[in-house]
Amino acid sequence: MAYWLVKSEPFKYSWDQFEKDKKTFWDGVRNYAARNNLKAMKKGEQVLYYHSNEGVEVVGIAEVVKEFYQDPTTTEEAWVVVDLKPVKKLKNPVPLSAIKAEPRLANMALVKLSRLSVQPVTEQEWKVILELAGEK
DNA sequence: GCCAACGTTGGC
DNA sequence: GCCAACGTTGGC
């Protein structure tokens, strides 16, 4: 079972909107590395939901409900989406500054590859994030 | 709004 | 296939 992290700009698609919708397809990925991660997602896997630009923090947990398929917003075959549903909002959102301050998270893709919009999260990292979020 | 980091494009 | 130029992302 793998873990993931997706980024969204709250202006464009916030966690609150996501909760209202109950489900969304994750579109707009136009980067091969991110695309490959989308393709690697399996149904039932858990995904951290991160707000970039504003907030700059992990705000919630989502789950993959449908594995990748052709991005309906483009006819270019290279691009895919997955369906996600909200699982829960974190008690305490985890800001990037806290992630950077946590030695156990020093190697997170979020820190090292800050521009990648869909990235894998290790099980250890997942646990630490939830711990910082006050979930347990 | 600035700028660093990094991915992509295109000329050779 | 290399690499400079350019565009975009995202933290601050």
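So you know, we letter chains A, B, ... as the sequences are listed, proteins then strands, and number each from 1. The analysis underlying the following values was restricted to heavy atoms, covering all of them including side chains, and did not include hydrogens, waters or symmetry mates.
In the region residues 47-62 of chain A, proximity to DNA chain C at under 4.0 angstrom, judged on heavy atoms, holds for Tyr50(A), Ser52(A), Asn53(A), Val56(A). Taking a 4.0 Å limit (strictly below) on heavy-atom distances, residues 90-108 of chain A does not reach DNA chain B anywhere.
The interatomic distance linking Leu116(A) (CG) with dG11(C) (C1') rounds to 16 Å, in whole Å. The nearest whole Å value for the distance from the CG atom in Leu110(A) to the C1' atom in dC12(C) is 15 Å.
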- Message: Under the criterion side-chain contact (heavy atoms from CB on, under 4.5 Å), I'd like the reasoning laid out for Leu5(A) against Met108(A): C-alpha separation, chi angles, the key distance, then a yes or no.
- Response: CA-CA 10 Å; Leu5(A) 178 146; Met108(A) 261 193 93; 4.2 Å; yes

- Message: Quick one, Asp71(A) with Arg30(A), criterion salt bridge (charged side-chain N to carboxylate O under 4.0 Å, His left out). Give me CA distance, side-chain angles, the key distance, then yes/no.
- Response: CA-CA 10 Å; Asp71(A) 186 336; Arg30(A) 295 292 182 271; 3.1 Å; yes

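A search for ring pair (Phe, Tyr, Trp, His ring centres under 6.0 Å) contacts involving Trp26(A) returns Tyr49(A), not counting sequence neighbours. In this view, Ala33(A) and Asn31(A), Leu116(A) satisfy the side chain to side chain contact (heavy atoms under 4.5 Å, CB included) rule, not counting sequence neighbours.
No donor-acceptor distance shorter than 3.5 angstrom exists from the side chain of Glu19(A) to the backbone of Asp16(A), with no hydrogens or angles considered.
Contact annotation: the side chain of Leu84(A) approaches that of Val82(A) to within less than 4.5 Å [non-hydrogen atoms, C-beta and beyond].
Arg104(A) and Glu131(A) are joined by a salt bridge, as a carboxylate oxygen and a charged side-chain nitrogen come within less than 4.0 angstrom of each other.
Other residues sharing the hydrophobic cluster of Tyr69(A), ordered by chain and number and joined by side-chain separations under 4.5 Å: Phe25(A), Val81(A).
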- Task: Spell out protein contact along nucleotides 4-9 of chain B as letters: B when the base is contacted, S when just the sugar-phosphate is, - when no protein heavy atom is under 4.0 Å; keep the 5' to 3' order.
- Result: -BBSS-

